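A quick write-up on the structure given underneath.
Protein chains get the first letters and strands the later ones, always in sequence-line order, with residue 1 at the start of each. What you are looking at is a predicted structure, and each value in this text was computed from that prediction instead of being measured.
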Amino acid sequence: MTHATIYKGENTSFIKSAQPQKPLAGQSRNASSAAKQTVFFENPPRILAGGTVVTQREADGPIGAYFDNIIEPKNDAKNFEAAEIRMLQAAVSSAAEKAGIRVGDIDLLLSGDLLNQLTSSAYAARDLGVPFMGLYSACATMSQALAVGACFLNAGYFKHLACATASHFATAERQYRYPLEYGAQRPPYAQWTVTGAGCTILARGEGALDEDNARSRAKNAPRTALGNGAQSFPRITSATFGRVVDFGIDDIANMGAAMAPVNAIIAP
Amino acid sequence: MAKTVKELGALEVSLSGGEAVKERNERYNAYVKAVSPTSAMAKSLFHSFWVGGVTCVLAQIIFEVIAAAFPTLGAEMHGTLTLCAVIFIAVVLTGVGVFDKIGRFAGAGAFLPITGFANAMASSAMEYRTEGLVLGSETKFFSVVGPVLVNGVVWSAAAGLIRLAVFSIWGL
């Protein structure tokens, strides 16, 4: 069993590198919970395409060049929540288009957002008319959707899955902090919620990962899960479901510090 | 007979996580505090001071204008009308999206009781307008200023009781 603790930032050596998890009472010590934290897929699903919608503020950022669509924050919608719903729909449509499938070909939409009862996702799914499963992991919703979706596809239940998420600065501020026009000062370290939506289309992996790798080797390409050639796509080969790590940050403006501690125990 | 969670023995680890976790959290919080940028104190105080001061000067000008225009009303009514005017200006500035910028720039300087209170109420009302006039705006009017009202009522009542006690003891 390999213990690996992933840190972000420097001067964090005070955190112990390997913290063995104490099993809860009644939980078997033999069936190591750590061993189950990472799953490896026998039929690694393919990532066909991704679609994104953001506003200018995100497009000006360091990864701005990778976004597909840039829209206005309110986008002619009646309110910001409606704008968020539209962004999510646009992201799903754009991803489906790039993947070469119709929205109706999506077998299941795995989506989440930051609002009460996953409002944006549910309304977007209503209008898209595809089967829907709501997920919530705050900022990790997209990773969660990819992990859960990959498990479904690995088991062979679906052909095409859409993993999506959306957030909107204006709706999140209202949900978690103050009204937009309230003249409160933000601390200089305060983070901003992204105004944007993203969607990734996953497809059942046809053929084992080895075929992609064999093709890569044949062309003297470095061995990689990314594959090679027109029919190869990035694949999800494994997923690690994280534990909740709470380092006691209770400042609503400092989301980064609350999320920075990541404690993943990776066991092959 | 209902059992408590502790009796069930479901959690060996205490909910707070024990001493080691507490110590780790304290060290992490100290680290976060050490690396987080802080506001420039002198600059913030300066901006707060001059914006607050200018607000007061403007209010005084309004007071003098009202006093000159309606000399028969008396100083108390002049003050009340000035408060109304200042509240009105703060609400209008909130409505056109300027007050939050002033607030971010000036901090406590923009937070003078009257203007800050007006801004807090107006911004709440605007924020929840999309949920309807009654169930949205009117319900959430006091979502930010609620604590101010609660404290105002509670401490006024406390002060009243102290006053009553003091006066009845000395028989004034």
Go through the atoms of A/Ala184 and report whether side chain, backbone, both or neither lie under 4.5 Å from a heavy atom of chain B. backbone
When you check the side-chain N and O atoms of A/Ser111 and A/Ser121, is any donor under 3.5 Å from an acceptor? yes
Would A/Ser137 and A/Gln144 count as having a side-chain donor-acceptor pair, cut-off 3.5 Å? yes
Please look at B/Ala34 and chain A and tell me whether the side chain, the backbone, both or neither of the residue comes under 4.5 angstrom of a heavy atom of that chain. neither
The interface call for B/Ala120 against chain A, heavy-atom contacts under 4.5 Å, is both
Go through the steps to decide whether A/Gln89 and A/Asp127 satisfy the test side chain to side chain donor-acceptor pair (under 3.5 Å), and finish with yes or no. CA-CA 8 Å; A/Gln89 289 168 347; A/Asp127 295 345; 3.1 Å; yes
Taking B/Lys33's backbone N and O only, do any of them form a donor-acceptor pair with B/Ser36's side chain (distance below 3.5 Å, no angle check)? no
Would you say the side chains of A/Asn116 and A/Gln175 form a donor-acceptor pair under 3.5 Å? yes
Is B/Thr38 in contact with chain A via its backbone, its side chain, both, or neither, using a 4.5 Å heavy-atom distance? backbone
Honestly, the part of A/Asp246 sitting under 4.5 Å from a heavy atom of chain B is backbone
Are there residues of residues 50-65 of chain B whose heavy atoms fall under 4.5 Å of chain A's heavy atoms? If so, which? none
Quick check on B/Glu131 against chain A: is it the side chain, the backbone, both or neither that has a heavy atom closer than 4.5 Å? side chain
Using only heavy-atom distances, determine whether the side chains of A/Thr171 and A/Glu81 contain a donor-acceptor pair under 3.5 Å. no
Proximal component of A/Ala82, with respect to chain B [non-hydrogen, under 4.5 Å]: neither
